[in-house]
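Inspection log for the structure reproduced underneath, given as C-alpha cells.
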There are 2 protein chains.
Amino acid sequence: MVSRYLMGTFPDLRKFGGADAFLRACKPRVAIELLSDKWSMLVLGALLFGPRRFGELRRMLDGITPKMLTRTLRSLERDGLLTRTVYPTVPMRVEYALTDLGESAAGMLAVITTWGAEHAEEILAARRAYDARPPAGETPVPA
Amino acid sequence: MVSRYLMGTFPDLRKFGGADAFLRACKPRVAIELLSDKWSMLVLGALLFGPRRFGELRRMLDGITPKMLTRTLRSLERDGLLTRTVYPTVPMRVEYALTDLGESAAGMLAVITTWGAEHAEEILAARRAYDARPPAGETPVPA
DNA sequence: CAGCATCCTATCTGATACTG
DNA sequence: CAGTATCAGATAGGATGCTG
C-alpha cells in the first residue's frame, strides 16, 4: 500500500493545482533526465571513488568511446554535478570530481539502486511472461 | 554517508564483459529505464489517483498523442507496473490500474520528485551559468 | 471508445580517424 | 593525454489519418 509513504511525498500534487498542473510541472523530470542517458549513472558511480582523470574513467567505463565520455562529462559539468579541472602540465592532466550537488544526486541514485535491487527480478520476470503470452486473438490450442 | 553504499554497487565493469553487458543486467538501470522516457513517469503519477480509462489518461496528460499513450501503457504493462482490463461493452471500455509493483515504483518516483524539488533550481542555475560562460580561449575584455 | 498504420524528424549512440 | 571531427545506424517522439 502506497498511501502513507507516498502521501507524505506526493500530496504536493494538489498544491500544484491537481493532477493536470503537476503533470506539466517538470522538476521531477529534471532529476530523472540527469540519470536517464546511458552513461551518466556510471560516471557518477565511478566518481564516488574520488576524483578521476579522463583516461582513468575511460578505463573504468570499459567500452565507452571518448566521444561519449566527453559528452557525458560535459553534460554533468553543465548541470553542476561535477567539476572539471585542467592542469596545464605536459602531458596535460584533467581531473573530474563530484560537487556537493553531484554527491547529492548520487544519494538519489542510491535510492533507485535499492529499489532496483528489490524489484528488478520481478520486472524482468513480468517482461518475460508478457513476451511469452500468445498473441491477442489467438486461442491457445487445448491439449 | 551515501557514497559508501553506492560505491558498493559500482562493479568492475570488465568482470561483466564490458559496460554493455553490465547495463543490460544492471538493476539500477532497469529501474531508471522505467521512468526515463517522456511519459512513463506522468502516467504512473496519473494512475496514483486510481484506475483510469484510456481517454481519461489522454485528457490528463494533455498533449500526449494516442500513439505515445498506447506505447507507454504497453511498456508499463509489460514490466508489470500496471494492468489493462478490457470490458467488452459497447462502446468498449479499457481500464488501467497500478499493480503493487507499480505503486512501489511510484514510491521511488516520490523520492526522485522530492530530490528534484530540492535541487532542480540549483541545476537549472548551474546550466544557465555554464551556458553564459565565455567560449574557451576567449579572454574576457577588461573594463 | 480505444486504439492502429504510416510517414517523418530529431536525437542518441557508436565506429573510425585525427589533433593540440 | 585528452580530447575533436565525421559518418552512419538505431530509436524516440510526433503528425496525420483510419478502424473494430
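The chains referred to below are lettered A, B, ... by the order of the sequence lines, with proteins before strands, and numbering in each begins at 1.
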What integer distance in Å separates [X]:[atom1] from [N]:[atom2]?
{"X": "A:L73", "N": "D:dC1", "atom1": "CG", "atom2": "P", "value": "16 Å"}
{"X": "A:L35", "N": "C:dC12", "atom1": "CG", "atom2": "P", "value": "15 Å"}
{"X": "A:E33", "N": "D:dA12", "atom1": "CD", "atom2": "P", "value": "15 Å"}
{"X": "A:I32", "N": "D:dA12", "atom1": "CD1", "atom2": "C1'", "value": "16 Å"}
{"X": "A:M60", "N": "D:dA2", "atom1": "CE", "atom2": "C1'", "value": "18 Å"}
{"X": "A:I64", "N": "C:dT16", "atom1": "CD1", "atom2": "P", "value": "17 Å"}
{"X": "B:L69", "N": "D:dA12", "atom1": "CG", "atom2": "C1'", "value": "16 Å"}
{"X": "A:M68", "N": "D:dT4", "atom1": "CE", "atom2": "C1'", "value": "14 Å"}

Among C:dC4, C:dT13, D:dG3, which is the nearest nucleotide to the side chain of B:P66?
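Among the listed nucleotides, the one closest to the side chain of B:P66 is C:dC4.
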Nearest to the side chain of A:P91 - C:dT13, D:dC1, D:dG13?
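Within the option list, the nearest is D:dC1.
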Evaluate whether atom CG of A:D100 has more than 12 neighbouring non-hydrogen atoms of other residues, nucleotides or ligands under 6.0 angstrom away.
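Counting other residues, nucleotides and ligands, CG of A:D100 stays at 12 neighbours or fewer.
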Non-hydrogen atoms of B:V86 and B:P88 that approach each other most closely:
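Looking at all heavy atoms of both residues, the closest pair is O-CD, 3.6 Å.
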Between B:E77 and A:R133, does at least one N-O distance fall below 4.0 Å, as a salt bridge requires?
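Salt bridge present between B:E77 and A:R133.
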Is it true that B:E95 and B:R93 make a salt bridge, defined as a side-chain N closer than 4.0 Å to a carboxylate O?
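A salt bridge links B:E95 with B:R93.
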Determine whether B:K27 and B:E33 satisfy the following criterion, salt bridge (Lys or Arg N to Asp or Glu O under 4.0 Å), listing intermediate values before the conclusion.
CA-CA 10 Å; B:K27 292 178 179 186; B:E33 278 168 6; over 6 Å; no
Are A:L34 and B:Y130 joined in one hydrophobic group, where the rule is that I, L, V, M, F, W and Y side chains link up if heavy atoms are under 4.5 Å apart?
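No; B:Y130 is not reachable from A:L34 via cluster members.
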Reading DNA chain D from 5' onward, which residue's closest nucleotide shows up sooner: A:K67 or A:V94?
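Of the two residues, A:V94 wins.
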Do any N or O atoms from the side chain of B:W115 and from the backbone of A:S104 form a donor-acceptor pair under 3.5 angstrom?
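Confirmed, B:W115 side chain pairs with A:S104 backbone.
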Is a donor on one side and an acceptor on the other found under 3.5 Å between the side chain of B:S75 and the backbone of B:R71?
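Not at all, since once roles are kept as given, no pair shorter than 3.5 Å links the two residues.
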Enumerate the protein-to-nucleotides 18-20 of chain D contacts in which both atoms are nitrogen or oxygen and the separation is below 3.5 Å.
none

Hey, is the side chain of A:R53 poking within less than 4.0 Å of OP1 or OP2 on D:dA2, counting only N and O atoms?
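Indeed, a polar side-chain atom of A:R53 lies that close.
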Does C:dC4 have OP1 or OP2 under 4.0 Å away from a side-chain N or O of B:R74?
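True: B:R74 side-chain N/O within range (under 4.0 Å) of C:dC4 OP1/OP2.
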From B:L42 CG over to B:L47 CG, what is the distance, rounded to the nearest 0.5 angstrom?
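One finds 11.0 Å between CG of B:L42 and CG of B:L47.
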For A:R71, answer base if it contacts any base atom (sugar-phosphate contacts may also be present), sugar-phosphate if it contacts only those atoms, and nothing otherwise; contact means non-hydrogen atoms under 4.0 Å.
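Contact class for A:R71: base.
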Please list, in numerical order, the residues of residues 82-90 of chain A that have a heavy atom closer than 4.0 Å to any atom of DNA chain D.
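Heavy-atom contacts with DNA chain D come from A:R84.
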